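Worksheet: one structure, shown below.
Side-chain atoms are counted along with the backbone in the values below, which use heavy atoms only and exclude waters and symmetry mates. The shown structure was predicted, so the numbers you read here are calculated from the model rather than taken from an experiment.
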Amino acid sequence: MTDRGVLDTSTLILLGRIADISALPDEPLITAVTLAALSVGPLVARKPAARSYDAMIAAIAVSCGLPVHTCNPGDFRGIDGLEVVPVRHPDRG
């Protein structure tokens with residue numbers, strides 16, 4: 001069976017720089033919410049609105065029974081029913 005998982009916005013942005021791809025799913029998926037976050041990212045990156053994008057990505061992943069693969073696992077802390085797969089951030093070693 002193929003390993004499927006949702007890439008959050010941070011992971012998608014850093015995808016080309018991730019050295020250890022073992023934490024990534026065989027079949028990476030992105031959500032329409034991620035595409036929306038990317039289109040307005042600089043406008044919300046430092047505001048509470050960024051957290052609402054994470055919550056919507058998490059809700060989609062939970063409803064589909066998929067894990068979220070993220071370079072920022074703290075963004076998803078405390079969301080019941082969500083499986084979070086940490087991906088090593090290339091700038092944090």
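- Counting heavy atoms from C-beta on, the side chains of Ile60 and Val6 never come closer than 4.5 Å.
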N/O donor-acceptor pairs under 3.5 Å from side chains in residues 13-21, not counting sequence neighbours:
| residue | atom | partner | partner atom | Å |
| --- | --- | --- | --- | --- |
| Arg17 | NH2 | Asp91 | OD1 | 2.3 |
| Arg17 | NH2 | Asp91 | OD2 | 3.3 |
| Asp20 | OD1 | Ser22 | N | 3.1 |
| Asp20 | OD1 | Ser22 | OG | 2.6 |
| Asp20 | OD2 | Ser22 | OG | 3.3 |

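- Smallest separation of non-hydrogen atoms from Gly5 and Pro25: N-CB, 3.6 Å.
- Expressed to the nearest 0.5 Å, how far OG1 of Thr9 lies from CD1 of Ile57 amounts to 3.5 Å.
- Distance check, rounded to the nearest 0.5 Å: CG of Leu7 to OG1 of Thr70 gives 9.5 Å.
- In this structure, CG on Asp54 lies 8.0 Å from CG on Asn72, to the nearest 0.5 angstrom.
- Considering all non-hydrogen atoms of both residues, Ala23 and Val85 come closest at O-CG1, 3.5 Å.
- Of all heavy-atom pairs spanning Pro67 and Arg4, the tightest one is CD-O, 3.5 Å.
- The two residues Leu66 and Leu82 have their closest heavy-atom pair at O-CD1, 4.4 Å.
- A side-chain donor-acceptor contact under 3.5 Å links Thr11 to the backbone of His69.
- For residues 73-86, the set of pairs meeting the salt bridge (charged side-chain N to carboxylate O under 4.0 Å, His left out) definition, not counting sequence neighbours, is empty.
- Heavy atoms only, all atoms of each residue included: Pro73 and Val84 are closest at CB-CG1, 4.0 Å.
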